[in-house]
Amino acid sequence: MATAEDAVIAQLRRLIVEGVLPPGAKLTVAALSARLGVSATPLRAALRLLEGEGLVEAHPHRGARVRVLAPQDIRNLYRLRGTVLALLVPDVVRHVSDADLEVLEAIDARFQAAARAGDGPAAMEANAQFHAALLALARNPDAAAVMARSWALVEALRFRLGFGPGRLARSVESHRALLAALRARDAARATALMVASSDNAMADLLERALAMPQARAG
């Protein structure tokens, strides 16, 4: 059951992910308390949790700010995700049932509809649900939690940088190939597809990040 603290965390996370609080923005408890109409205690807890997710940076004597991600940070994030996927996917294939595949295909249908409509936020939401359901099948909650903690960071990057031409269409094809590999119980192919998809997402984000004036100047 969601608590009042959970609601504050969700509100603050959404403000950061959607860029209302942009990278580098200072996060003071007093200002956020006034903005969200909540007390300081749940806000402090929210800032600590979002620091753990990589959305917030806290420095002694300088306070907290929305994290600014450099291209190397994006590389590091996706290298970690690729490693975790390579660990989890063989176990997903080992445990996936026909009923599980039906659930995944239903979620993927929502992803496909959003992608074909060019609705980036809806596609991101469905994609996150797809991956959460998929990786839960590995029965390794600690490793799956590493992926879950990085989703908000990936969403923040996508809201800020968008999708490269054809990226969503390629993701639709990747999902289709992955589901076929899962139906065939082909662990090697499923793993290769997931890692390749993660690498392609990294390349797309890096290309867009490096095209930004501040990235070129740096």
Who pairs with Arg110 by side chain to side chain contact (heavy atoms under 4.5 Å, CB included), at least two apart in sequence or on another chain?
Ile107, Ala126, Gln129
Distance col, row Leu85:CG vs Leu88:CG, nearest 0.5 angstrom, shows 7.0 Å
Return the set of residues passing side chain to side chain contact (heavy atoms under 4.5 Å, CB included) with Arg35 (not counting sequence neighbours), or none when no residue passes.
Leu15, Val20, Leu21
Do the side chains of Asn76 and Arg79 get nearer than 4.5 Å, heavy atoms only?
yes
Please give me the minimum heavy-atom distance between Pro90 and Ala86, naming the atom from each residue.
CD-O, 3.3 Å
Answer yes or no: is there a donor N or O on one side and an acceptor on the other, between the side chain of Asp108 and the main chain of Glu105, under 3.5 Å?
no
Backbone N/O of Leu193 and side chain of Ser197: donor-acceptor pair under 3.5 Å:
no
Examine distances only and state if a side-chain atom of Arg65 and a backbone atom of Gly63 form a donor-acceptor pair shorter than 3.5 Å.
no
Looking at residues at least two apart in the chain, or sitting in another chain, which of them share a salt bridge (charged side-chain N to carboxylate O under 4.0 Å, His left out) with Asp119?
none
Tightest non-hydrogen contact, residues Ala143 and Val84, listed as O-CG1, 3.5 Å
Residue set satisfying side chain to side chain contact (heavy atoms under 4.5 Å, CB included) with Arg158, at least two apart, ordered chain then number -> Met124, Phe163, Arg167, Ala201, Asp204, Leu205
Approximate separation, where rounding is to 0.5 Å, of Leu12 CG and Leu47 CG:
5.5 Å
Any carboxylate oxygen within less than 4.0 angstrom of a Lys/Arg side-chain nitrogen, looking at Glu173 and Arg170?
no
Between His95 and Arg139, is there a side-chain heavy-atom distance shorter than 4.5 Å?
yes
Quick one: pull up CG in Leu43 and CD in Gln11 and give me the separation to the nearest 0.5 Å.
9.0 Å
Nearest heavy atoms of Leu182 and Val96, plus distance in Å
O-CG1, 4.2 Å
Does the pair Asp73/Arg67 count as a salt bridge with the N-to-O cut at 4.0 Å?
yes
Pairwise side-chain contact, Glu57 with Glu51, heavy-atom cut-off 4.5 Å (strictly under):
no
List the steps and the verdict of side-chain contact (heavy atoms from CB on, under 4.5 Å) for Arg183 and Asp98.
CA-CA 8 Å; Arg183 282 192 292 270; Asp98 290 343; over 6 Å; no
Heavy-atom side-chain contact between Phe130 and Glu125 under 4.5 Å
no
Polar side-chain atom of Ser33 near backbone of Val38 as donor-acceptor pair, under 3.5 Å:
yes
Donor-acceptor pair, distance only, cut-off 3.5 Å: does the side chain of Ser150 make one with the backbone of Met147?
yes
Please list, chain by chain and in numerical order, all residues satisfying side-chain hydrogen bond (donor to acceptor under 3.5 Å, both in side chains) with Asp100, sequence neighbours excluded.
Ser97
Who passes side chain to side chain contact (heavy atoms under 4.5 Å, CB included) against Leu49, sequence neighbours left out?
Ile9, Arg13, Glu53
